Amino acid sequence: MKIPKSRSDQHVVLEALQRAQRGDMPFDRMFGYVYDPGPEATEIANRAAAIFQWKNALDPTVYPSLLRFENEVVSMMASHLGGDDAVTGNFTSGGTESILLAVKVARDRARALLPHIARPAIVVPSTAHAAFHKAAHYLDLDVVSVPVSARTHRADPASMERAVTDATILLVGSAPSYAHGVVDPIEELAAVAQRRDLLLHVDGCIGGFLLPYFERLGAAIPPFDFRVKGVTSVSVDLHKYAYAPKGASVLLHRSKDLRRYQLYTCSRWPGYTLVNPTLQSSKSGAPLAAAWALLHYFGDEGYLQLARELRDATTRIARAVEGMPDLRLLAEPEMTLMAIASDSVNVFVVADVMKAKGWYVQPQLGFDGGPPNLHLAINPSNLERIDAFLEALAASVQEAKGVGPGELAAQVSGALAGLDPSAIDASVLRQMLAMGGIAGVDLPERMADINDVLDALPHAFKEKLLAEFANEIFRTPEGA
Ligand SMILES: *Cc1c(COP(=O)(O)O)cnc(C)c1O
């Protein structure tokens with residue numbers, strides 16, 4: 001494809017964008033990916049973003065406005081999460097960046113203070129977000145993934161402590177975990193961290209903003225933030241339950257001394273002196289301005305009210321799901337997330353039928369002996385749609401009944417049984433994708449076959465296949 005030869009009229013360009021998005025799903029029918037605050041808040045975020053879109057937060061001395069917003073947003077999050085005046089941090093582009101930086105702090109601190117550790121490791125509960133594995137991959141660290149309690153899906157502090165060795169530099173807990181929506185026992189993990197002189201990061205990416213409101217509404221949530229001595233850093237995404245547009249997260253540290261390991265500076269080149277607190281260098285002021293604007297627009301009371309409505313909706317969905325004979329919850333939701341499994345229908349088929357009816361629920365593969373399931377993250381735009389959603393879910397379960405595991409899964413897992421993943425070359429993987437219907441430009445309507453295949457494969461195979469998938473879908477458009 002080439003850059004269009006001639007200019008286009010602005011109306012033509014904007015019309016093309018509008019047309020392109022017709023195939024995208026409306027937010028109020030999605031129970032994942034998007035945390036939509038409704039039309040008025042969206043308009044305010046859009047305007048705030050538009051004012052600061054073109055400003056570059058690369059150099060905090062050039063735009064005092066952006067430095068001020070960042071310090072204010074960070075300070076609001078520190079006090080929201082039980083921090084004192086010593087707690088400090090930065091605004092980042094998302095949970096992954098916050099987690100990457102939290103892991104970098106642990107690594108660089110170990111390099112400075114514990115140079116005898118040749119190959120440092122982080123110890124995480126098996127439910128920790130994939131971003132910790134990604135961070136360890138990028139930063140060249142080992143991950144020790146410790147199985148959680150099969151019953152509660154919460155981290156098991158005793159097992160985590162047993163996994164600590166002389167090479168351990170960081171412990172992790174989630175508040176709550178993404179997949180099951182339950183809060184790890186942070187106080188117990190903090191006690192381990194203190195006994196073993198380790199850093200402890202609390203992944204509050206999805207819950208750090210909302211859980212304090214749930215607590216105020218009376219939910220029995222044990223302390224998970226800076227109120228707990230031994231917690232050294234907390235990540236909290238504003239582009240989730242603070243309803244900011246994507247590109248908004250905060251990483252908080254217990255002290256400036258810890259934050260110092262996060263910073264990167266460079267003068268070894270002829271250009272401007274580089275002072276980067278976070279991963280990005282040139283960065284738009286838009287996400288920060290939009291997040292700042294929404295914090296003021298909703299205010300504490302606005303967020304509390306939305307939390308109340310989300311809590312009631314979550315309870316309603318959870319009770320309805322429990323009342324459906326074919327479905328069960330993997331854990332009682334502590335916030336607004338739930339995982340729904342079935343012993344009688346293929347949940348991947350349910351997800352496809354839901355999609356055909358215009359609803360998005362997120363499939364999760366079986367893990368650590370646990371079953372495949374459907375993940376819900378309930379957001380404000382879903383609130384008006386709960387009854388319709390539950391009806392569609394019940395109908396989809398009925399339609400999915402009797403649809404067994406696809407041929408493909410059996411064929412593929414039979415063919416791969418006993419093979420060494422490293423011996424499988426890309427052309428074989430591409431054939432497998434083609435069998436699943438991923439060869440042309442269009443993604444398949446039905447994902448159940450592909451999810452069944454993935455579900456049956458060992459991790460090394462899954463990951464190779466997913467890489468091949470990504471390598472296929474990002475490509476020159478057909479006919480270009
Ligand atoms: C969303 C999420 C992340 C990753 O955040 P991104 O913003 O997608 O990079 C990490 N941890 C948890 C618990 C999350 O829910």
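Ligands are counted one by one from 1 in listed order, and the atoms in each one are counted from 1 as well. Predicted model only: the values in this text are computed from it and were never measured. Heads up: numbering here begins at 1 and tracks the sequence.
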Problem set entry | Shortest protein heavy-atom distance from atom 15 (O) of ligand 1, along with the residue and atom involved | K240 NZ, 3.0 Å
Problem set entry | Nitrogen or oxygen atoms of T96 and ligand 1 under 3.5 Å apart | yes
Problem set entry | Side chain, backbone, both or neither: C205 near ligand 1, heavy atoms under 4.0 Å | side chain
For this session: Specify the protein heavy atom at minimum distance from atom 5 (O) of ligand 1: its residue, its atom name, and the distance to 0.1 Å.
Result: G95 CA, 3.2 Å
For this session: For atom 13 (C) of ligand 1, grab the closest protein heavy atom and report residue, atom and distance to one decimal in Å.
Result: D203 OD2, 3.3 Å
Exercise. Does ligand 1 have a heavy atom under 4.0 Å from the side chain of H239, from its backbone, from both, or from neither?
Worked result: side chain
Exercise. Centre of F52's six-membered ring, under 6.0 Å away, within 45 degrees of the axis: is that where NZ or CZ of K55 sits?
Worked result: yes
Exercise. Listed by chain and number, what are the side chain to side chain donor-acceptor pair (under 3.5 Å) partners of N56, not counting sequence neighbours?
Worked result: S282
Problem set entry | Ionic contact status for R260 with D108, cut-off 4.0 Å | no
Problem set entry | E301, CD: over 12 other non-hydrogen atoms inside 6.0 angstrom | no
Seminar exercise, completed: Taking only non-hydrogen atoms of D237 and a 4.0 Å limit, the atoms of ligand 1 in range are 1 (C), 5 (O), 7 (O)
Exercise. Which salt bridge (charged side-chain N to carboxylate O under 4.0 Å, His left out) pairs, counting each pair once, include a residue from residues 179-194, with sequence neighbours left out?
Worked result: none
Exercise. Is any NZ, NE, NH1 or NH2 atom of the basic residue among R119 and D140 found under 4.0 Å from an Asp or Glu carboxylate oxygen of the other?
Worked result: yes
